Amino acid sequence: MLSGNEAIALGAWEAGVAVGCGYPGTPSTEILEALIHYPDLYTEWSVNEKVALEVGLGACIAGGRALVTMKHVGVNVAADPLFTAAYTGVNAGLVVVTADDPSMHSSQNEQDNRHYAIAAKLPMFEPSTPADARQFTRWAFELSEGHDTPCFVRTTTRLSHSKGVVDDVDLTIKPAKHPVGVDQNPAKYVMIPGHARGRRLAVEARMGELARVVETHPANILERRGSVGVITSGVPYSYVREVLPDASVLKLGIVNPLPEQLIRDFAASVETLYVVEELDPIIETQVRAWGITCHGKDTFPTIGEFSPEVLRASLGLSVPASVPDGHIEVPPRLPGLCTGCPHGHVFDVLRERGLYVSGDIGCYSLGVLPPYRIMDTLVDMGASFTMAHGMDIVLAQAGQSHTERAHVSAVIGDSTFAHSGITGLLNAIWNKRDGLFVVLDNGTTAMTGAQENPMSGERMGHENSTHVDYTLLCRALGMPEENVAVVDGNNKALIAQTIDELAAKPGVKLLAAVGLCIMEAKDLSKSGKLEEKKAWRALELSAVCKGADRG
């Protein structure tokens with residue numbers, strides 16, 4: 001019994017993957033956390049998704065098969081190298097997992113990343129079950145190497161976290177690896193315009209060949225039963241089989257490119273055709289463009305994830321008596337910070353001073369809810385610093401003094417600071433802005449499950465590593481030393497005193513409130529690493545306090 005994420009890790013190992021990298025983001029996180037336990041491969045949490053994809057691309061050019069994982073919004077960050085990687089192609093296989101989140105269970109937006117496959121001209125597999133996830137990952141590596149292209153595997157939250165039977169698993173095998181050796185071919189990998197024009201033609205030729213391959217690829221499965229036909233893909237396939245057991249179904253395991261002739265033949269064999277797909281009408285739009293009559297978003301919703309109940313309601317079908325009522329009354333309960341979380345002290349101080357707070361992605365996003373109610377914006381990773389920067393520009397243009405503009409602050413977590421906050425900090429310092437920037441450093445990437453990051457002093461697997469020194473970093477970026485402070489995140493009085501002192505100074509200020517995540521502390525205590533981590537973080541704090549004459 002494996003989850004979809006665990007099955008992808010298994011399939012990647014069986015395919016001979018050499019490198020697995022990504023940035024933690026629900027619902028993709030567990031893929032690398034499962035992959036790390038397999039032998040003869042390397043795994044890492046990269047600083048962000050763009051970096052992860054570039055690491056994977058470099059690995060595949062050197063002859064190592066690479067798996068790169070991220071959630072759907074992470075592909076936005078990785079889009080720059082993604083589109084050009086379609087031109088360069090690969091040496092060893094390169095597979096990118098995009099874990100979409102219909103209904104936004106843990107995300108700031110709901111986007112359908114099948115659009116990325118179309119826009120970047122890359123093939124995309126979409127598994128329906130954990131067994132599919134394992135097999136499709138193996139096929140994705142084969143397709144990648146066979147057609148000189150990066151390849152997408154798209155999952156959704158429901159598949160990522162649900163479990164299913166995966167047969168014939170043999171962990172005693174030694175997977176075959178791609179021969180190691182850097183493919184030195186500037187005309188293929190150096191994307192100056194003269195080379196890129198030639199590779200653009202190669203991309204189009206590749207997509208034409210893939211259009212032929214998908215017509216007979218085993219990932220696309222035809223199930224002939226009745227006169228009602230359904231074209232579907234991904235998790236909705238399971239709902240279709242439950243709600244319409246007598247329908248003929250064309251289950252598309254490859255959603256880009258689509259098999260035109262297979263779809264035409266299937267449509268001609270049924271009397272009524274439905275396209276059942278979560279989120280955007282991507283398959284439906286192409287089917288209609290081919291002149292095929294079908295029902296899609298005229299019947300089914302475009303928002304949120306599907307379920308058997310959603311399909312029954314859309315089709316006007318009653319619920320069978322054999323299906324139990326799944327509705328359970330649950331008292332409303334707002335999410336909140338864990339009791340004892342050091343972030344709460346910073347939130348209290350910010351609220352007491354009535355500051356405007358430009359927020360960011362992570363546990364601290366819960367600051368918008370009671371009892372804190374202190375967060376005023378939240379858009380994407382790293383946007384807290386840069387949006388506060390933009391606010392400062394406009395307020396200064398309106399004639400507000402430094403003291404008046406001091407009511408604008410920004411908060412960001414340690415992992416997010418490493419992901420995309422440092423560039424925003426540099427931009428603000430370089431452009432001579434004003435603002436109080438606060439890093440809430442709890443020593444881990446907490447909301448996605450306590451993964452390591454460059455500020456935590458550990459790399460993947462809790463292996464000891466370097467950590468960033470806030471004071472030295474800020475000084476290197478050009479911030480005066482007196483404008484940076486590192487304090488104990490559990491000392492509310494010191495936090496308040498330091499915020500007041502920093503807010504009175506002109507220019508960009510950075511406060512790092514350092515305190516261990518209490519959930520991670522429990523895990524560290526089990527592994528015997530808690531005292532070690534507490535010791536070096538205490539040493540870091542004492543060194544900073546001594547240098548700042550704080551005692």
Side-chain angles (χ1 to χ4, degrees), residues 24-26 29 105-106 108 332-353 355 357-378 381-382 384 409-419 421 436-458 462 467-468 470 485-499 510-527 529-538 540-541 544:
T26 306
T29 307
H105 296 283
S106 56
Q108 68 268 41
R333 178 184 174 191
L334 291 174
L337 296 176
C338 301
T339 303
C341 174
H343 294 346
H345 299 299
V346 177
F347 288 168
D348 284 339
V349 173
L350 295 175
R351 185 183 66 253
E352 289 165 4
R353 279 146 183 77
L355 296 183
V357 178
S358 176
D360 226 299
I361 305 296
C363 290
Y364 33 89
S365 63
L366 300 172
V368 72
L369 300 174
Y372 303 108
R373 299 185 186 275
I374 56 91
M375 192 163 289
D376 297 290
T377 67
L378 187 152
M381 300 280 281
S384 56
S409 65
V411 297
I412 194 170
D414 48 328
S415 180
T416 313
F417 180 66
H419 178 285
L436 173 63
F437 296 168
V438 181
V439 180
L440 303 171
D441 185 334
N442 59 11
T444 188
T445 312
M447 184 164 269
T448 53
Q451 290 77 34
E452 305 79 3
N453 68 66
M455 323 304 288
S456 69
E458 302 164 303
H462 287 301
H467 70 92
V468 175
Y470 289 103
V486 181
V487 301
D488 183 352
N490 293 292
N491 188 334
K492 181 180 176 181
L494 181 57
I495 292 170
Q497 174 191 339
T498 307
I499 285 179
L510 185 117
L511 168 66
V514 177
L516 275 180
C517 167
I518 62 170
M519 297 304 292
E520 194 210 11
K522 291 180 180 179
D523 293 335
L524 289 173
S525 65
K526 296 175 184 176
S527 64
K529 289 201 65 175
L530 177 59
E531 294 307 316
E532 177 187 348
K533 188 162 184 177
K534 285 170 65 177
W536 75 254
R537 286 175 76 85
E540 178 187 27
L541 280 170
V544 171

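Count residues from 1 along the sequence. From a predicted model like this one, the values you see are computed outputs, not experimental measurements.
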| request: Hey, could you give me the SG/CG distance between C341 and L516, rounded to the nearest 0.5 Å? | output: 11.0 Å

| message | Pairing donors with acceptors under 3.5 angstrom, does anything connect the side chains of S456 and T444? | response | no

| field | Nearest-0.5 Å distance that lies between atom CG in D376 and atom OG in S384 | value | 12.5 Å

| request: Answer yes or no: is there a donor N or O on one side and an acceptor on the other, between the side chain of S358 and the main chain of T377, under 3.5 Å? | output: no

| What pairs with E452 under salt bridge (charged side-chain N to carboxylate O under 4.0 Å, His left out), at least two apart in sequence or on another chain? | none

| field | By side chain to side chain donor-acceptor pair (under 3.5 Å) - contacts of S415 (at least two apart) | value | Y23, T445

| remark: Here the gap from Y470 atom OH to L511 atom CG, rounded to the nearest 0.5 Å, amounts to 10.0 Å

| note | Nearest heavy-atom contact between I495 and G489 is CD1-O, 3.5 Å

| said: I'd like to check the side chain to side chain donor-acceptor pair (under 3.5 Å) partners of T448; sequence neighbours left out, ordered by chain and number. | reply: Q451

| field | Value rounded to 0.5 Å, distance of CD in Q108 from CD1 in I361 | value | 4.0 Å

| request: Please round to the nearest 0.5 Å and tell me the distance separating atom NE2 of H345 and atom CG of L350. | output: 13.0 Å

| message | Can you tell me how far apart OG1 (T29) and CE (M447) are? Round to the nearest 0.5 Å. | response | 12.0 Å

| Verdict with supporting geometry, L440 and F347, side chain to side chain contact (heavy atoms under 4.5 Å, CB included) | CA-CA 10 Å; L440 303 171; F347 288 168; 3.9 Å; yes

| remark: The side chain to side chain donor-acceptor pair (under 3.5 Å) partners of D348 (sequence neighbours excluded) come to R351

| note | Tightest non-hydrogen contact, residues I518 and C338, listed as CD1-CB, 3.8 Å

| message | Is the shortest side-chain heavy-atom distance between L378 and V368 below 4.5 Å? | response | no

| task | With the side chain counted from C-beta on, respond yes when V438 and V357 share a heavy-atom pair under 4.5 Å apart, and no when they do not. | result | no

| field | V411 side chain near M375 side chain, heavy-atom distance below 4.5 Å | value | yes

| side chain to side chain donor-acceptor pair (under 3.5 Å): pairs with one or both residues in residues 362-375, sequence neighbours excluded | Y364-T416

| field | Minimum heavy-atom distance L494-D488, with the two atoms named | value | CD2-N, 4.5 Å

| message | So, using side chain to side chain donor-acceptor pair (under 3.5 Å) as the criterion, who are the partners of E352 when residues are at least two apart? | response | K492

| message | Show the nearest heavy-atom pair for residues V346 and A513, with the distance to one decimal. | response | CG2-CB, 3.7 Å

| request: For residues G443 and D414, report the shortest heavy-atom separation together with the two atoms involved. | output: N-OD2, 3.3 Å

| message | If you define the side chain from C-beta out and look only at heavy atoms, does anything of N442 sit under 4.5 Å from E520? | response | no

| note | Closest non-hydrogen contact found for D360 with G382 is OD1-N, 2.8 Å

